[in-house]
A.B. asks: 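Below you will find the structure I want to go over with you.
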Number of protein chains: 2
Amino acid sequence: MTTAAKHAPARPKRRNNRQGAVLDAAAARFRQHGYAATSMRDIAADAGMLPGSLYYHYPAKNALLVAVHEEGVRRIAAAVDHALAGIPELEPWRRLEAALAAHMETLLGGGDYSLVVLRDLPADDSALRARLVRLRDGYEARFKTLCRALPLTDPDAEPWLRMMILGAANWARVWYRPGGKAPAEVARQFISQLKGAPP
Amino acid sequence: MTTAAKHAPARPKRRNNRQGAVLDAAAARFRQHGYAATSMRDIAADAGMLPGSLYYHYPAKNALLVAVHEEGVRRIAAAVDHALAGIPELEPWRRLEAALAAHMETLLGGGDYSLVVLRDLPADDSALRARLVRLRDGYEARFKTLCRALPLTDPDAEPWLRMMILGAANWARVWYRPGGKAPAEVARQFISQLKGAPP
DNA sequence: ATATTAACCAAACGGTCGTTTGTTTAGCAA
DNA sequence: TTGCTAAACAAACGACCGTTTGGTTAATAT
């Protein structure tokens, strides 16, 4: 069930709140069919209400996309932060591997929200587009920090290494099938390819 | 040929043929806005004709998508094959690098067709989807061959290494900007990260 | 008990969608 | 010139789109 547990106003809501169901439905549809191919009627049907009722919770379709993106970034960021906080490990490669494992587990683990972040952004609304890109960049800054800490023989290699890691990880959604290796194992293999091969 | 061919199928077209313009317009729109967000009216306007006229050349919208995919795969495959044929080099890493450079140059070099192949496939038509996946898989088989030829210390690493390379390369379309390093240079850096660093 | 209002329904708005149908124009062969 | 046909136009079809509007229901605060 569901969605962002806001902690700021901390209002437990007076009554039945199906806003979460709406966002869940939107996330599922956006992930599976993409934003443009998803209609408000699809989302409404999945959420068990009529199309017009969606506008009580969200003012427009693209507001739903923003909300899903925000929640998706929030979730994957939380997973990575939690993984990094959970290890006493200080060895840079191990930290990067732990972060990548959390990243890929979140993406490939079946959740809809974070996968929407990887989909193509709407090209017609540049303001919206910029907003979503900023969201994702804020998250990916973590990997910049992690990669900078690596003991590389060539420091100039860091950006390329980082692009490779994130690119390979994000592209995994194209070929990964739930039956295969665990996402964490994939992450381990990816990191292993880049470390050279010290015993 | 002595006898008259009644109606030769391979006719070089008798007259002004704007079918190419239609396909170009479709490729450009599909790349920039995606399949679902592109209307037949958009394509028609770009091609300089009315919406209904498109149906003289292609029977349906998804036929246009298939045609663009086929041409996109054909082009990138031709680029890679040409690059491989053009080098007398037999060293496996160098061959892989040359192939990847051609791959990325085609993708990032501004052509619309091949980039469409990397976009998300329509989820509602599974037959169409399978057809497009088969097309792409046929192309990517080249990299399987190239990676198998690598002198790896651990032969089991080959699939992961291949997934990393193609994933990183394909994801480059998300962050690559025409002003930056040449695609071939990016390819070189990617390969360099994976070779370890034997002098 | 009453007033309030969160949450939804019911029905439509104008616009756009992919596609079809019938008609017209222009280059070639006879 | 006449006939053929490739290649387009012109106009519409029903379906669906995102969104709006006004009314209904039921839980809560007073």
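Below, chain A is the first sequence line, B the second, and so on; all start at residue 1.
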A.B. asks: Between P on C:dA10 and CE on A:M49, what's the gap in Å once rounded to a whole number?
C.D. replies: 13 Å
A.B. asks: What residues form a ring pair (Phe, Tyr, Trp, His ring centres under 6.0 Å) with B:H69, not counting sequence neighbours?
C.D. replies: none
A.B. asks: For the pair made of CG in A:N17 and P in C:dT5, what is the distance, rounded to whole Å?
C.D. replies: 18 Å
A.B. asks: Under the salt bridge (Lys or Arg N to Asp or Glu O under 4.0 Å) rule, collect the residues that match up with A:R131, sequence neighbours excluded.
C.D. replies: A:E70
A.B. asks: Quick one: ring pair (Phe, Tyr, Trp, His ring centres under 6.0 Å) pairs with a partner in residues 86-107 of chain A, sequence neighbours left out?
C.D. replies: A:H103-A:Y139, A:H103-A:F143
A.B. asks: Is it the case that A:K61 places NZ or CZ above or below the six-membered ring of A:Y55, under 6.0 angstrom from the centre and within 45 degrees of the axis?
C.D. replies: no
A.B. asks: For A:R173, give me all partners under salt bridge (Lys or Arg N to Asp or Glu O under 4.0 Å), at least two apart in sequence or on another chain.
C.D. replies: B:D120
A.B. asks: Tell me: CG of B:L50 to C1' of D:dA11, nearest whole Å?
C.D. replies: 10 Å
A.B. asks: List the residues meeting side chain to side chain donor-acceptor pair (under 3.5 Å) with B:R188, not counting sequence neighbours, and say none if there are none.
C.D. replies: B:E185
A.B. asks: Only pairs at least two apart or in different chains count here, so list each salt bridge (charged side-chain N to carboxylate O under 4.0 Å, His left out) that has a residue in residues 133-145 of chain A.
C.D. replies: A:D81-A:R142
A.B. asks: Short of 4.0 Å, heavy atom to strand atom, which residues of residues 28-46 of chain B count as contacting DNA chain D?
C.D. replies: B:R41
A.B. asks: Who pairs with B:F190 by ring pair (Phe, Tyr, Trp, His ring centres under 6.0 Å), at least two apart in sequence or on another chain?
C.D. replies: none
A.B. asks: Mind listing the residues from residues 51-59 of chain B sitting with a heavy atom below 4.0 Å of DNA chain C? Number order is fine.
C.D. replies: B:G52, B:Y55
